[in-house]
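Report on the structure given below.
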Amino acid sequence: MRITNKIMQRNNLANINTNKIYQDKLSTQMSTQKKVNRPSDDPVVAIRALRLRSSVTEITQYYSKNIPDAESWLDVTEDALKNMSEIVTKMIEQCTKGSNGDLTSKDREIILEQLKALGEEVYVTGDADYAGRYVFTGYRTDTSLSFIEANNTPYVITEQLDNSAIDVLTKVDFGNIMNWNASNYTTLTDADEQAVESLEIYRFRLAYNDCDENYLPSITYKDAAGNDVTINTTMVHSYAEPSPYTQVAANPDAAIYVPETGEVLLGANKYQELMAIKDDVATVNNEGEIRVTYQKTNWEVGDLRPEHYFYCKSDPGTTEEIEYNATFLQGEVEKQAIEYDVGFNQTIRVNSTADECFQHGIGREVDDLVVALQEVIDLEEIKANIEKEMEKEGADVDKLQEQLDAVEKALTLSKDKSQKLFESGITNFQGYLDDVNLCITNCGTRSSKLELIENRMQSQKTTFETLKSENEDADITEVAIKLSSAELTYEAALMATGKVMQTTLLNFI
């Protein structure tokens with residue numbers, strides 16, 4: 001075969017070009033410090049690099065963003081719950097003090113002020129937020145737990161209770177004693193000690209007071225056949241004469257709503273009727289449920305927003321109507337748990353919901369205690385004023401003594417009722433404290449679990465970054481040696497080609 005100069009030239013140029021490409025590849029690796037710069041350089045390394053980079057990016061998202069965000073949310077929640085725990089603990093302390101039978105008027109006034117202050121603070125704690133998101137309101141993170149300012153948005157609310165919500169309350173019928181004052185002591189004609197009596201009242205407390213008068217609470221339950229039975233209420237104000245407690249005690253078929261206290265008082269027959277209902281497990285009618293539906297429009301600062309607790313409608317019957325928690329009526333309570341992705345196929349819940357710890361019953365217990373304590377304080381003041389009147393010259397001692405006897409009887413009954421209420425308050429608040437402590441425990445458990453996940457993510461992040469580096473990063477020392485060798489080879493190839501190409505066919509003739 002004849003080897004021409006053209007063939008030699010092409011072969012030499014091809015070899016030089018191959019060497020130059022290899023040199024350029026090493027030079028690129030040297031400058032970028034990466035093994036491959038395009039997939040075609042090494043498809044296996046490139047595919048592995050994509051997978052490792054994806055894993056590193058995902059772990060970085062977990063470790064640098066999701067986990068710190070979850071930690072912050074849990075920290076804010078735990079701080080609020082601890083504050084709540086301190087408040088309820090102080091309430092228990094006040095109940096312990098209030099259950100003492102030897103309190104002075106000054107002692108009672110101090111306890112009263114303490115309870116009022118604690119009652120105002122308890123739900124404010126529930127409005128804790130993290131980065132503009134309220135932490136106790138489930139998915140509605142843009143809506144506060146309580147009303148931040150007063151407004152007049154109408155809500156139709158349905159509370160779902162059972163007969164365990166009905167309790168027995170002792171009330172004292174004072175007659176007209178609370179209206180006695182220095183201007184009428186000498187003209188009173190109704191100072192009758194026998195008229196003062198202790199009443200046993202059946203009642204349950206609604207979550208709110210001051211509902212709309214044109215939409216009074218209606219009580220609905222299902223009978224054994226699954227048919228709806230409705231009990232309508234009548235409104236009687238707490239200052240009415242006779243009092244709503246006296247009226248309901250005298251009428252066994254009465255169902256009275258007291259707007260100032262949010263109580264529904266039941267006559268003996270209505271009480272027996274509601275206590276007799278029970279759920280038949282063989283049916284799906286849920287006969288044991290008692291539904292109380294009412295409308296409330298006037299909301300004050302600090303009132304808990306009903307959409308976080310009950311089935312309700314805001315602006316009912318208008319184009320702006322919004323329905324909340326419709327599944328509650330079907331017995332399906334949606335647990336609005338907020339979960340963060342903190343690892344590969346691993347999530348953790350970061351929130352506690354209001355119904356777990358910020359319950360309406362706490363405020364209602366405080367209201368009962370405040371009312372009972374205020375009654376005792378008022379009666380003590382009336383008693384002291386009558387005693388002063390008796391010391392005045394020319395006083396009608398006999399008439400004032402009748403009044404004093406009536407007040408002392410009322411005071412004795414009120415003190416006894418107040419003491420028992422404070423004693424039961426210790427137990428009730430302890431139950432609420434247990435709920436709060438359970439939430440704190442759950443929050444702490446999640447924090448501990450998150451810490452373990454964070455440690456594991458940190459270890460995995462280091463491992464994947466090492467693997468990514470080993471897969472992608474070039475060994476600079478090895479590349480430098482290969483590059484020097486390639487340069488020498490390239491220079492030698494140029495010199496050899498130059499000498500070979502100087503020889504032509506004429507040199508052999």
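Note that the structure is a prediction, hence the values are computed from the model and not measured.
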Sequence neighbours excluded, the answer for side-chain hydrogen bond (donor to acceptor under 3.5 Å, both in side chains) partners of Asp107 is Thr104

Residues Asp228 and Thr220: side-chain donor-acceptor under 3.5 angstrom
no

Residues in side-chain hydrogen bond (donor to acceptor under 3.5 Å, both in side chains) contact with Glu321, at least two apart in sequence or another chain:
none

Got a sec, which residues hit side chain to side chain contact (heavy atoms under 4.5 Å, CB included) with Val76, two or more places apart in sequence or on another chain?
Ala128, Tyr130, Val135

Are Arg305 and Phe147 in a cation-pi setup, meaning NZ or CZ lies under 6.0 angstrom from the ring centre and within 45 degrees of the ring axis?
yes

Quick one: list whatever passes side chain to side chain contact (heavy atoms under 4.5 Å, CB included) with Asn227, sequence neighbours left out.
Asp223, Ala225

For a quick check under 3.5 Å, do Asn251 and Gln247 share a side-chain donor-acceptor pair by atom type?
no

Short N-O contact, Asp253 and Lys270, less than 4.0 angstrom
no

What I want to find out is whether Lys420 reaches Asp368 closely enough, with some N-O distance under 4.0 Å, to be called a salt bridge.
no

Knowing that exactly one of Tyr208, Trp299, Tyr311 qualifies, which makes a ring-ring contact (aromatic ring centres under 6.0 Å, His included) with Tyr155?
Trp299

side-chain hydrogen bond (donor to acceptor under 3.5 Å, both in side chains) against Asp167, all qualifying residues, sequence neighbours excluded
Arg203

Assess whether a salt bridge exists between Glu78 and Lys82, defined as any Lys/Arg side-chain N lying under 4.0 Å from an Asp/Glu carboxylate O.
yes

Salt bridge or not between Lys383 and Glu381? Use side-chain N to carboxylate O under 4.0 Å.
no

Walk me through it: do Gln374 and Val371 pass the test side-chain contact (heavy atoms from CB on, under 4.5 Å)?
CA-CA 5 Å; Gln374 188 65 60; Val371 169; 5.8 Å; no

By side chain to side chain contact (heavy atoms under 4.5 Å, CB included), Ala207 pairs with (sequence neighbours left out) Glu159, Tyr294, Phe310, His360

Should the pair Glu423-Lys97 be classified as a salt bridge under the 4.0 Å nitrogen-to-oxygen rule?
no

Counting heavy atoms not belonging to Glu300, are there more than 12 under 6.0 Å from its CD?
no

Is there side-chain contact between Leu169 and Glu263, with heavy atoms separated by less than 4.5 Å?
yes

Take Asp367 and Arg205 through the test salt bridge (charged side-chain N to carboxylate O under 4.0 Å, His left out) and record every step on the way to the result.
CA-CA 11 Å; Asp367 291 342; Arg205 296 172 295 190; over 6 Å; no

Among Lys415, Arg108, Lys171, exactly one meets salt bridge (Lys or Arg N to Asp or Glu O under 4.0 Å) together with Glu375. Which residue is that?
Lys171

